[in-house]
Undergrad: 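Take a look at the following structure, please.
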There are 2 protein chains.
Amino acid sequence: MDANLPPGGRLADFLPYQLSVTSNAVSSLIAERYRVRFGLKIPEWRVMAVLGDAGTMTQRALTDATLMDKVAVNRACKVLEDRGLIARRPNTDDGRSHLLELTAEGRAIHGEVMPLAREIEAEIFSTLGETECEQFRELLSRVFRQAGRMRPATRS
Amino acid sequence: MDANLPPGGRLADFLPYQLSVTSNAVSSLIAERYRVRFGLKIPEWRVMAVLGDAGTMTQRALTDATLMDKVAVNRACKVLEDRGLIARRPNTDDGRSHLLELTAEGRAIHGEVMPLAREIEAEIFSTLGETECEQFRELLSRVFRQAGRMRPATRS
DNA sequence: TCGATACGGTTTCTAATGCAACCAATGGTG
DNA sequence: CACCATTGGTTGCATTAGAAACCGTATCGA
């Protein structure tokens with residue numbers, strides 16, 4: 001990051017900028033790999049990851065679990081449903097929502113997708129040692145909470 | 001981040017995901033503050049930051065310095081020019097490009113903008129100590145370089 | 001000098017993202 | 001039971017980001 005910037009460039013020292021470009025680089029890298037291999041976009045992949053892990057949930061629960069917008073979740077679910085990777089069942093407890101779960105095919109994909117995810121993760125963070133990874137996690141978590149604390153009171 | 005996720009949620013342990021949501025939270029926080037106070041969007045702010053620091057450069061140099069797309073730079077410059085914050089001079093060395101620099105008004109805004117940037121940065125990362133901040137920077141930098149190394153050879 | 005190629009910048013088009021309005025169902029209150 | 005506020009989900013719309021096509025200038029080699 002420093003290499004392609006003129007010396008004395010203050011923008012490059014701005015932490016939110018470093019955070020942004022790094023996240024961007026990592027995200028687009030992963031997005032590309034998922035796209036070529038499974039035809040999945042990141043929101044779709046996130047939904048599958050959570051469903052494969054938790055079993056059955058509503059869209060509402062998915063928005064909580066993925067921290068994505070509810071329309072992003074809705075669209076991802078629609079795509080996955082059209083591809084036959086997830087199925088909707090009526091929710092007897094609440095007629096407004098449906099219960100979503102992976103189909104057999106969905107579970108099969110999930111079984112392939114998750115190892116790839118771990119693989120990519122391991123490759124990207126291979127430059128960090130074990131303890132550094134944990135520390136990175138910890139720092140991110142704290143920054144995230146702090147940002148949440150600073151947000152001007154908007155909760156849907 | 002852990003609080004609003006069901007226990008055993010594997011997505012929440014996925015480092016790229018943590019990186020993404022954290023970056024997102026920080027970015028939207030900053031974007032909001034700049035919007036209400038200066039009517040500047042992040043790309044515009046970045047251009048101003050670099051110009052205020054480096055003095056005079058072409059759009060091409062700006063894309064290198066900000067790591068933004070060249071059309072993003074172009075649009076940001078157009079907006080800033082319309083607002084009278086930057087000016088274009090013909091480039092005698094190369095007729096294709098222009099030399100961009102802050103106007104007097106632009107420098108005035110820049111003088112207000114940068115302290116606010118540092119202020120927000122300090123607030124967000126106040127949860128991290130001095131050495132932790134430096135370490136966070138270092139880790140981000142390494143991850144960024146690693147992501148660059150893994151990218152499948154596409155450079156415009 | 002001429003031609004081909006590359007490059008900076010601009011415009012245009014299309015995909016993605018987010019927001020707000022909207023519909024249907026629920027739950028509480030009188 | 002009627003009313004109303006709330007919630008899950010959906011749709012439509014506006015804004016944004018990115019890709020590709022395009023134009024004029026520069027550069028390099030014959």
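Lettering of chains follows the sequences in order, A, B, ..., and the numbering in each one begins at 1. Since this is a predicted model, take the numbers as computed values, not measurements. The basis for the numbers below is simple: all heavy atoms, side chains too, and nothing from hydrogens, waters or symmetry mates.
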Undergrad: What residues form a salt bridge (Lys or Arg N to Asp or Glu O under 4.0 Å) with A:Arg83, not counting sequence neighbours?
TA: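 Salt bridge (Lys or Arg N to Asp or Glu O under 4.0 Å) check on A:Arg83 returns nothing, list empty.
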Undergrad: Do any side-chain atoms of residues 108-119 of chain B form donor-acceptor pairs under 3.5 angstrom with protein atoms, and if so which ones, sequence neighbours left out?
TA:
| from | atom 1 | to | atom 2 | distance (Å) |
| --- | --- | --- | --- | --- |
| B:Arg118 | NH1 | B:Glu121 | OE1 | 2.7 |

Undergrad: Could you state the atom-to-atom distance from CE of B:Met68 to C1' of C:dG8 in whole Å?
TA: 16 Å
Undergrad: Round to a whole Å and report the spacing from CG of B:Asp69 to C1' of C:dA15.
TA: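 Nearest whole value for this atom pair: 14 Å.
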Undergrad: For a quick test of your reading: what N or O donor-acceptor pairs under 3.5 Å do the side chains of residues 36-46 of chain B make, sequence neighbours left out?
TA:
| from | atom 1 | to | atom 2 | distance (Å) |
| --- | --- | --- | --- | --- |
| B:Glu44 | OE1 | B:Lys41 | N | 3.0 |
| B:Trp45 | NE1 | B:Tyr34 | OH | 3.2 |
| B:Arg46 | NH2 | A:Ser20 | OG | 3.2 |

Undergrad: Whole angstroms only, please: what is the CE-C1' distance between A:Met57 and D:dG9?
TA: 15 Å
Undergrad: What integer distance in Å separates A:Ile42:CD1 from D:dA17:P?
TA: 17 Å
Undergrad: Over how many whole Å does the gap from A:Gln59 atom CD to D:dT7 atom P extend?
TA: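 For the pair A:Gln59 CD and D:dT7 P, the rounded distance is 17 Å.
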Undergrad: Rounded to the nearest Å, what distance is computed from the CD atom of residue B:Glu32 to the P atom of nucleotide C:dC19?
TA: 10 Å
Undergrad: May I ask you to say what B:Lys41 touches in the nucleic acid, namely base, sugar-phosphate or nothing, with a heavy-atom cut-off under 4.0 Å?
TA: sugar-phosphate
Undergrad: Return the residues of residues 71-78 of chain A meeting this criterion: a heavy atom under 4.0 Å from some atom of DNA chain C. Order them by number, or give none.
TA: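 Only A:Val71, A:Arg75 qualify.
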Undergrad: Between A:Asn74 and A:Lys78, is the side chain to side chain contact (heavy atoms under 4.5 Å, CB included) condition met? List the steps.
TA: CA-CA 6 Å; A:Asn74 182 326; A:Lys78 196 182 301 182; 3.8 Å; yes
Undergrad: B:Arg88: which residues meet the salt bridge (Lys or Arg N to Asp or Glu O under 4.0 Å) condition with it, sequence neighbours left out?
TA: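 Partners of B:Arg88 by the salt bridge (Lys or Arg N to Asp or Glu O under 4.0 Å) criterion, ordered by chain and then number, come out as B:Glu81.
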Undergrad: Quickly work out the A:Arg35 CZ to C:dA15 P distance and round it to whole Å.
TA: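 Taking atom P of C:dA15 as the reference, CZ of A:Arg35 is at 14 Å.
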Undergrad: Name the pairs: protein N/O against N/O of nucleotides 23-27 of chain D, kept only if under 3.5 Å.
TA:
| from | atom 1 | to | atom 2 | distance (Å) |
| --- | --- | --- | --- | --- |
| D:dA26 | OP1 | B:Gly95 | N | 2.8 |

Undergrad: Just the rounded figure in Å: distance from C1' of D:dT16 to CH2 of B:Trp45.
TA: 19 Å
Undergrad: Looking only at side-chain N and O atoms, does B:Ser141 offer a donor or acceptor that is under 3.5 Å from a partner on B:Arg137?
TA: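 Side-chain D/A pair, B:Arg137 to B:Ser141: absent.
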Undergrad: Of A:Asn24 and A:Thr58, whose nearest nucleotide on DNA chain D comes first from the 5' end?
TA: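 Result: A:Thr58.
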